[in-house]
Amino acid sequence: RAQRHDFLNHLQVVYSLIEMKDYKEANEYIEKVYGSIASLGKVLRTANPAINALLQVKLAACEKAGIQVTLNIRSAWKNLPIPGWEMCKVLGNLLENALRASERLPEAMRRVSVICHMLSPAMMGLIVENRYDGQLSRREGKLLSTSHPGFGTGLLSVETVTKKYHGQMTVETENGVFRVNVLLNL
């Protein structure tokens, strides 16, 4: 009800501004309202409040760092095959790595993409990708991260949790893009 009430108020303001032929003000008002609606709507789409909260915090950190984020949630992620706190560990580490790697780039290249989806009724997926500067951290033949020296345990943690729940994690690097795919069986 509250959202409907707010929507009607915003619509009345826009209508009045257009009637008064104050198109510039109407455009600015729409952009402000849309921006605040879009930032709320981006995150509140999964069925898991902890994941929603984590996404909200990480998106805010990316915004503060001047990183453009594309969030594509194609599934509500109901009935996760992994406890919510473990999924937060996976998603949190991937987003933190992407944020740290992106911060080292020129602002025009700072982009992170997150896709949460169902591949089939029996399998869910998570893809996090970011641009990076070509520097990768490795230990014992394993890729650790694209972030600063001293970091790097995030991907190992993601892999450990993913394997614990009989899933798989793959890492791809191509044309300056670092992509992590996580697949979990339901």
Side-chain angles (χ1 to χ4, degrees), residues 38-39 42-75 77 80-119 123-185:
S39 69
K42 275 190 216 175
V43 175
L44 306 175
R45 294 188 194 158
T46 75
N48 189 303
I51 291 171
N52 294 339
L54 175 72
L55 285 170
Q56 186 71 42
V57 167
K58 294 298 184 184
L59 290 177
C62 285
E63 185 177 323
K64 184 177 180 182
I67 300 168
Q68 178 186 345
V69 178
T70 302
L71 181 61
N72 187 348
I73 299 179
R74 300 178 192 164
S75 167
W77 275 13
L80 290 174
I82 168 176
W85 66 273
E86 291 266 59
M87 194 65 215
C88 283
K89 184 188 287 187
V90 168
L91 188 56
N93 276 302
L94 293 177
L95 288 172
E96 188 64 25
N97 280 359
L99 185 142
R100 296 289 170 232
S102 296
E103 285 179 324
R104 295 187 343 208
L105 300 173
E107 197 162 328
M109 294 178 63
R110 294 179 183 180
R111 289 191 277 293
V112 172
S113 172
V114 180
I115 301 172
C116 306
H117 59 112
M118 298 298 294
L119 294 166
M123 184 174 288
M124 62 170 282
L126 169 65
I127 300 170
V128 176
E129 68 179 37
N130 58 275
R131 307 230 1 128
Y132 76 107
D133 62 6
Q135 297 178 24
L136 300 173
S137 173
R138 297 181 183 274
R139 184 186 312 143
E140 298 171 13
K142 286 197 175 238
L143 184 60
L144 298 177
S145 76
T146 59
S147 51
H148 305 298
F151 287 82
T153 59
L155 284 179
L156 292 175
S157 178
V158 169
E159 184 178 48
T160 300
V161 171
T162 301
K163 284 182 177 180
K164 178 179 175 181
Y165 293 96
H166 312 290
Q168 62 188 115
M169 179 187 90
T170 58
V171 175
E172 303 166 16
T173 56
E174 184 178 357
N175 299 326
V177 175
F178 185 85
R179 180 180 303 112
V180 180
N181 294 294
V182 174
L183 301 174
L184 294 166
N185 298 310

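The minimum heavy-atom distance linking Gly154 with Asn93 is given by the pair CA-OD1, 3.5 Å. Of all heavy-atom pairs between Val128 and Ala98, the closest is CG1-CB, 4.2 Å. Of all the heavy atoms in Tyr165 and Pro81, the pair that sits closest is CD2-O, 3.6 Å.
At least one side-chain heavy atom of Cys88 sits under 4.5 Å from a side-chain heavy atom of Ile51. Between Val182 and Thr170, every side-chain heavy-atom pair lies at or beyond the 4.5 Å cut-off. Annotation: side chain of Val177 is not in contact with side chain of Glu174 (no heavy-atom distance under 4.5 Å). Residues Thr162 and Leu184 form a side-chain contact, since some pair of their non-hydrogen atoms from C-beta on lies under 4.5 Å apart. For the pair Leu55/Leu95, a side-chain contact is recorded, criterion being any heavy-atom separation below 4.5 Å from C-beta on. You'll find the side chain of Met87 reaches within 4.5 Å of the side chain of Leu126, heavy atoms only. Side-chain contact check for Ile67 versus Glu103: some heavy-atom pair is nearer than 4.5 Å. Under the 4.5 Å side-chain criterion, counting only non-hydrogen atoms from C-beta, Phe178 is not in contact with Asn97.
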* For the pair Met169 and Val161, evaluate side-chain contact (heavy atoms from CB on, under 4.5 Å) and give the outcome as yes or no after the intermediate values. => CA-CA 10 Å; Met169 179 187 90; Val161 171; over 6 Å; no

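The distance from the CZ atom of Arg179 to the CD1 atom of Ile115 is 8.5 Å, given to the nearest 0.5 Å. The NZ atom of Lys58 sits 14.5 Å away from atom CG of Leu71, with the distance rounded to the nearest 0.5 Å. Summarising the geometry, atom CZ belonging to Arg100 is positioned 12.5 Å from atom CG belonging to Asn130; distances are rounded to the nearest 0.5 Å. Considering CG of Leu155 and OG1 of Thr160, their distance stands at 10.5 Å, rounded to 0.5 Å. Taking CD of Glu107 as the start and OG of Ser102 as the end, the distance is 11.5 Å to the nearest 0.5 Å. Atom CD of Glu129 is separated from atom OG1 of Thr70 by 9.0 Å, given to the nearest 0.5 angstrom.
Under the 3.5 Å distance criterion, the side-chain polar atoms of Asn52 are matched with a main-chain donor or acceptor of Thr46. Checked by atom type and distance alone, the side chain of Asn48 never pairs as donor or acceptor with a backbone atom of Trp77 at under 3.5 Å. Under a 3.5 Å cut-off, the side chain of Arg74 and the backbone N or O of Met118 do not form any donor-acceptor pair. Formation of a donor-acceptor pair under 3.5 Å by the Arg111 side chain with backbone atoms of Arg131 is not found in this model.
The environment of His166 atom NE2 is sparse: at most 12 non-hydrogen atoms of other residues, nucleotides or ligands sit within 6.0 angstrom.
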